[in-house]
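The sequence lines fix the lettering, A, B, ..., with proteins before strands; numbering per chain opens at 1. Just so it is clear, the model here is predicted, and its values are computed rather than measured.
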Amino acid sequence: MDEKYNPESIERKARQFWDDNHIFEVDEDPEKDKFYCLTMFPYPSGKLHMGHVRVFTINDVIARYQRMRGKHVLQPMGWDAFGMPAENAAIQRGVPPAEWTYKNIAEMRLQLKRLGFGYDWTREVTTCKPEYYRWEQWLFTRLFEKGLVYRKNAIVNWDPVDQTVLANEQVIDGRGWRSDALVERREIPQWFMKITSYADELLEQLDALPGWPDSVKTMQRNWIGRSEGVELSFDVKDHDQPLSVFTTRPDTLMGVTYMAVAAEHPLAKKAAQQSPEIAEFIEACKKTDAQEATLETMEKKGMALGISAVHPISGDDVPLWVANFVLMTYGTGAVMAVPGHDQRDHEFAKKYGLPIRQVVRPADGSEIDIDESAFVEHGVLVNSAAFDDLNFEQAFDAIAEHFEASGRGRRRVNYRLRDWGVSRQRYWGTPIPIVYCDDCEAVAVPENQLPVVLPENVSVTGAGSPLKQMPEFYETDCPQCGKPAKRETDTFDTFVESSWYFSRYACPDSDTAMLDEREAYWLPVDQYTGGVEHAILHLLYARFFQKLMRDEGLSSANEPFTNLLTQGMVLKDGAKMSKAKGNTVDPQALIERYGADTVRLFMMFAAPPEQALEWSDDGVQGAFRFLKRFWVAVQEYASNGVIHNLNTGALDDGQKQLRRKTHQTISKVSDDVGRRYTFNTAVAASMELLNAVNRFEDASDQGQAVVGEALQAVVLLLSPIVPHICQELWRVLGHDSALVFEKWPSVDESALVKSTVELVVQVNGKLRGRIAVEADADNDEIAELALADENVQKFIAGQAIRKTIVVPGRLVNIVV
RNA sequence: GCCCGGGUGGCGGAAUUGGUAGACGCUGCGGACUUAAAAUCCGUUUUGAGAAAUCAAGUGCGGGUUCAAGUCCCGCCCCGGGCACCA
């Protein structure tokens with residue numbers, strides 16, 4: 001007997017067994033019930049961090065559990081290998097991004113193996129390899145032909161000192177992270193994918209995702225932001241183009257007292273030619289970064305343009321303003337302002353002394369002071385001439401019809417969602433497969449010339465993309481006319497790679513198509529696990545790509561992820577672990593000291609997966625201590641000889657009680673792991689059962705048989721979480737077969753039956769006593785017993801009983 | 001600013017459908033074993049009062065609904081995530 005728990009050797013042995021027998025490599029067997037269990041793949045930053053350990057452990061537990069439930073489980077792993085950190089490393093250390101990335105992947109792969117995750121490594125996908133990204137280039141060219149991608153100007157953060165485009169992350173308090181220069185907004189041409197063409201489907205199919213958390217679906221709904229409104233146009237004096245605006249509140253049209261346009265709007269530019277003050281204001285508007293949070297929180301400023309529009313109904317003059325919070329790239333670049341019924345317009349009007357007009361009153365007739373604050377609710381129209389006394393819906397329709405009849409407007413559905421800008425002015429990414437020709441303009445690279453390979457041997461300086469300095473990359477011939485032409489030097493947003501990798505795992509080696517018939521076997525993903533920080537962007541883009549791939553005939557699935565689990569962050573001292581804060585804990589050191597099982601157990605025990613997890617060194621110690629107790633308990637039991645002759649009909653009360661605990665635990669852990677994903681309570685319940693075994697002293701044959709059943713249950717129940725130690729203990733319990741081939745234990749309902757139950761007795765909702773009653777006692781008997789309790793008597797003495805509530809199996813409440 | 005979460009002992013958390021608040025673990029304290037330490041084991045640990053039985057208070061704050069509220073409703077405060085070029 002091996003009395004000391006030695007994780008190092010136990011874990012090496014278990015890993016060896018899984019590897020040698022290719023346990024986690026799976027084929028496409030149509031006879032088997034597939035289960036595709038996936039985590040969001042990691043960026044290869046160099047070392048695993050605790051967040052990785054957490055999410056991969058959660059997924060491995062689900063995968064191993066489903067395997068024990070008889071599913072044919074695919075759990076793949078790969079690398080989201082393009083991105084900024086590789087460029088930063090290159091700038092700082094002079095290592096080419098490719099070299100740095102491949103080295104990191106090699107290190108992280110070793111760490112993942114050491115943690116015992118059951119991956120099918122034959123399907124590993126690495127997004128920075130041409131075999132991978134050539135297919136997204138191919139899909140892009142197909143979308144180009146279909147008109148689902150297009151080029152237009154868009155705003156970027158421009159660092160005027162480093163002469164480079166900055167990511168939002170690289171802008172700190174409006175300044176460039178390296179140069180400290182004030183960042184400017186700059187418009188440059190970029191490629192877009194028409195995600196808005198799929199807005200309605202992306203919205204509606206959220207209802208077909210019962211396996212997603214409501215919070216994520218709500219966030220996506222709000223992000224897509226479907227709204228019904230009216231687009232209408234205002235004539236502009238001394239200008240031949242009318243100004244069109246979109247509003248969801250046409251009922252407030254008569255309350256329009258001014259209009260505001262973006263700094264980049266043609267009308268603003270026109271006014272600037274006459275006025276140096278306006279020109280100066282427009283310049284000042286550009287001196288801010290492009291983040292929404294900045295725009296929403298900055299001081300709202302504006303300036304009158306000296307131009308007027310004509311109110312389309314009253315014919316009144318409506319002054320035009322330029323305002324810093326209106327963006328040219330959103331909507332029409334102009335808004336109508338109704339300070340009486342919009343809070344932002346109200347504040348702006350107050351600040352610049354613009355008139356505020358009430359055109360809606362509360363439907364309940366209550367008094368409001370429109371000068372004090374805007375009345376933004378729906379109500380009844382006033383001061384609106386022919387539209388007076390109409391409610392919101394009537395006014396909406398009447399005004400929409402008025403404009404439709406005169407051809408000056410139309411009902412429209414508008415989305416907050418904007419098309420996806422996929423261009424990045426960076427080196428370490430997938431080259432956008434476009435060639436610019438003076439005659440033919442933008443031309444997609446033909447299929448037989450794909451992939452456009454990213455050169456890997458470069459030096460990165462931080463001032464612009466190296467591709468722009470490489471004629472050997474960008475000089476080419478036009479695929480259409482053959483004349484000299486230039487390649488696009490921008491690369492794709494890395495969200496493009498992460499929008500379809502889950503499908504590629506099904507057929508990672510397919511070199512004749514993006515996806516092949518194996519996709520149909522594995523997709524959609526049954527269980528997807530990843531950080532809640534991806535609730536909107538990544539998950540929306542992946543859903544969009546799924547629809548693009550479906551419409552391209554590559555897949556028949558509408559949605560890529562059937563069930564979604566969003567896990568919380570790992571914190572230390574209440575804050576996200578980061579190098580900057582100096583509060584990181586290296587998983588590697590812990591694995592070496594305690595073994596993978598201890599780290600896995602702590603991760604699963606410390607918090608439910610969706611919550612933030614507070615790191616605790618002492619908690620890791622506790623997990624290790626539990627595994628030692630577990631090890632010793634099984635060894636001690638086995639050293640007395642394993643008993644197999646459990647006779648459930650011949651048990652005494654104590655034996656029955658332990659056996660009931662065993663089956664209650666199987667029932668609870670099955671629910672916690674299989675349905676609720678509350679692994680922390682599953683571990684707690686298993687600990688309780690082991691504690692019960694350790695307290696149980698009964699050397700009789702049946703006593704030991706009951707102990708054996710309990711220990712065997714704990715080994716099976718904990719095996720998805722701590723697979724190495726369980727693999728070994730299963731052998732100790734006398735089994736020849738390997739644990740990975742075992743089925744999940746089942747509950748013996750007859751073991752759960754109890755003849756008496758304890759009920760709580762309350763008086764006026766306060767706990768006053770406990771009574772034991774027969775399990776089948778009726779409510780009158782229960783009430784009688786409750787009243788007879790000595791302590792209960794004290795609290796009801798001399799008072800009339802008004803009501804008695806009996807909740808079967810739970811409590812009695814006596815109201816006096 | 002907007003959208004989505006969260007707030008329970010000294011700490012991480014439990015309480016699954018409105019029904020015993022604090023399971024399980026950690027820490028602390030007391031004890032056993034040991035020459036000693038580590039490891040291990042036993043007891044104890046929401047606060048206040050009490051020898052105890054037991055009583056009172058208690059789930060961020062203020063109200064409300066209910067026989068009964070950590071859980072539902074209304075109004076706040078604080079913390080975290082996302083806000084379209086971090087991944």
Side-chain angles (χ1 to χ4, degrees), chain A residues 40 42-43 45 80 82-85 154-157 165-171 190 213-223 225 290-298 325 344 416-426 493-495 498 531-538 540-541 566 568-569 571 574-576 602 605-608 610-623 625-626 628-629 632 668 671-672 675-676 678 680-681 683-688 691 694 758-762 764-767 770 791 794 802-805 807 809-815:
Chain A
M40 294 176 187
Y43 178 82
S45 54
D80 188 13
F82 276 136
M84 283 207 313
I155 293 171
V156 294
N157 299 307
V165 174
L166 297 179
N168 282 337
E169 186 195 45
Q170 299 171 314
V171 178
Q190 306 196 58
D214 288 336
S215 59
V216 174
K217 287 189 278 192
T218 305
M219 278 192 266
Q220 293 215 349
R221 251 178 228 119
N222 292 337
W223 185 261
Q291 300 182 53
E292 184 177 299
T294 308
L295 294 168
E296 290 283 335
T297 52
M298 71 186 177
F325 57 87
R344 189 176 67 183
R416 207 186 75 93
L417 178 70
R418 308 195 300 266
D419 276 337
W420 178 12
V422 293
S423 295
R424 295 293 179 269
Q425 295 70 43
R426 291 186 212 297
D493 178 2
T494 56
F495 275 125
S498 57
V532 67
E533 65 273 21
H534 295 294
I536 296 177
L537 293 180
H538 161 61
L540 194 65
Y541 293 145
T566 51
M569 295 182 309
L571 310 178
K576 188 173 176 171
F602 170 72
F605 181 57
E610 310 217 57
Q611 273 181 40
L613 181 153
E614 177 67 32
W615 183 261
S616 158
D617 288 329
D618 289 330
V620 178
Q621 271 284 352
R625 199 149 45 215
F626 170 77
K628 282 195 283 192
R629 274 205 306 276
V632 169
K668 169 148 181 70
D671 190 44
D672 285 351
R675 179 181 66 90
R676 295 209 304 155
T678 51
N680 56 329
T681 53
V683 172
S686 305
M687 286 174 167
E688 278 190 63
N691 290 344
N694 285 338
E758 185 182 72
L759 298 190
V760 156
V761 184
Q762 299 178 336
N764 288 342
K766 292 201 172 194
L767 177 70
R770 291 162 202 279
N791 201 46
K794 278 201 300 200
R802 295 198 298 167
K803 206 170 178 183
T804 303
I805 294 129
V807 183
R810 292 225 174 242
L811 57 72
V812 183
N813 190 11
I814 298 161
V815 186

Pairs under 3.5 Å (N/O, protein and nucleotides 25-34 of chain B):
| from | atom 1 | to | atom 2 | distance (Å) |
| --- | --- | --- | --- | --- |
| B/G25 | OP1 | A/Asn691 | ND2 | 3.1 |
| B/C26 | OP1 | A/Arg625 | NE | 3.3 |
| B/C26 | OP1 | A/Arg625 | NH2 | 3.0 |
| B/U27 | OP2 | A/Arg625 | NH2 | 3.3 |

Let me know, please, whether A/Asp671 or A/Ile805 comes out on the 5' side of the other along RNA chain B by nearest nucleotide.
A/Asp671

In whole Å, measure the gap between the C1' atoms of B/C79 and B/A51 for me.
45 Å

Between CG of A/Leu767 and P of B/A57 the distance, given in whole Å, is 13 Å

So, does A/Gln611 get its side chain near the phosphate of B/G13, meaning an N or O under 4.0 Å from OP1 or OP2?
yes

Round to the nearest Å and state the distance from A/Met569 atom CE to B/C4 atom P.
19 Å

Are any of A/Asn791's side-chain N or O atoms less than 4.0 Å away from OP1 or OP2 of B/C55?
yes

Secondary structure string for RNA chain B (Watson-Crick or G-U under 3.5 angstrom, | for other-strand pairs):
(((((((..(((......[....))).(((((.......))))).((((....))))..(((((..]....))))))))))))....

Would you measure the distance from the P atom in B/U65 across to the matching atom in B/C74 and give it in whole Å?
15 Å

Quote, to the nearest angstrom, the P distance that separates B/G63 from B/A69.
15 Å

Donor-acceptor contact below 3.5 Å, side chain A/Asn157 vs main chain A/Ala290:
yes

State, yes or no, whether a side-chain contact exists between A/Leu537 and A/Trp223 at a heavy-atom distance under 4.5 Å.
yes

Sorted by chain and number, sequence neighbours left out, side-chain contact (heavy atoms from CB on, under 4.5 Å) with A/Ile805 holds for A/Lys803, A/Val807, A/Asn813, A/Val815

To the nearest angstrom, the CG-C1' distance between A/Asn813 and B/G18 comes to 13 Å

Contact class for A/Met40 (heavy atom, under 4.0 Å): base, sugar-phosphate, or nothing?
nothing

Spacing of A/Glu614 atom CD relative to B/G80 atom P, expressed in whole Å
13 Å

Is any side-chain heavy atom of A/Asp493 less than 4.5 Å from a side-chain heavy atom of A/Trp420?
yes

Taking the side chain as C-beta and beyond, is there a heavy-atom pair between A/Leu295 and A/Phe325 under 4.5 Å?
no

Side chains of A/Trp615 and A/Phe602 in contact at under 4.5 Å (non-hydrogen atoms):
yes

Determine yes or no for a side-chain-to-main-chain donor-acceptor pair under 3.5 angstrom, with A/Gln611 supplying the side chain and A/Pro608 the backbone.
no

Can you check the distance between B/C73 and B/G25, where both ends of the measurement are the P atom (answer in whole Å)?
34 Å

Footprint string (nucleotides 82-87 of chain B, 5' to 3'): B base within contact, S backbone only, - free, heavy atoms under 4.0 Å:
SBBBBB

When the C1' atoms of B/U34 and B/C41 are considered, how many whole Å apart are they?
13 Å

Atom C1', compared across B/C61 and B/A49: separation rounded to whole Å
27 Å

Ignoring hydrogens and angles, state whether a donor on the side chain of A/Asp80 or A/Ser498 is under 3.5 Å from an acceptor on the partner side chain.
no

Can you tell me if the side-chain N/O atoms of A/Asn680 get under 4.0 Å from OP1 or OP2 in B/A14?
yes

Just checking A/Lys217: base, sugar-phosphate only, or nothing, at a heavy-atom cut-off of under 4.0 Å?
nothing

Using only heavy-atom distances, decide whether a donor-acceptor pair under 3.5 angstrom links the side-chain of A/Lys668 to the base of B/U16.
yes

Using the side-chain heavy atoms of A/Arg675, tell me which of these nucleotides is nearest: B/U16, B/U20, B/A14.
B/U16

Working to the nearest 0.5 angstrom, can you tell me the gap between A/Leu166 CG and A/Met84 CE?
9.0 Å

OP1 or OP2 of B/U17 less than 4.0 angstrom from a side-chain nitrogen or oxygen of A/Arg676, does that happen here?
no

Under 4.0 Å, heavy atoms only, any strand: does A/Gln762 hit a base, just the sugar-phosphate, or nothing?
base

What is the distance from CG of A/Leu811 to C1' of B/G18, rounded to the nearest Å?
11 Å

Check whether any side-chain heavy atom of A/Gln621 lies under 4.5 Å from a side-chain heavy atom of A/Asp617, and answer yes or no.
no

Using a 6.0 Å cut-off, check whether atom CZ of A/Arg810 has over 12 heavy atoms from anything other than its own residue.
no

To the nearest Å, give me how far apart NZ (A/Lys794) and P (B/C55) are.
6 Å

Min side-chain heavy-atom separation A/Glu533-A/His538 under 4.5 Å
no

Syn within 90° of 0, anti beyond: B/G82 is anti

List in chain and number order the residues that pass salt bridge (Lys or Arg N to Asp or Glu O under 4.0 Å) with A/Glu169, two or more places apart in sequence or in another chain; answer none if no residue qualifies.
none

Can you sort out the partners of A/Arg802 under side chain to side chain donor-acceptor pair (under 3.5 Å), two or more places apart, ordered by chain and number?
none

Whole-Å distance, A/Leu571 CG to B/G13 C1', equals 14 Å

Using the C1' atoms only, state how far B/G5 lies from B/G60, rounded to an integer number of Å.
16 Å

Spacing of the P atoms in B/G58 and B/G9 (rounded, Å):
14 Å

At 4.0 Å (heavy atoms only), tell me whether A/Val807 reaches a base, stays on the sugar-phosphate, or touches nothing.
base

How many whole angstroms separate atom NZ of A/Lys803 from atom P of B/U66?
10 Å

Under-4.0 Å side-chain N/O to phosphate OP1/OP2 contact, A/Lys766 with B/A57
yes

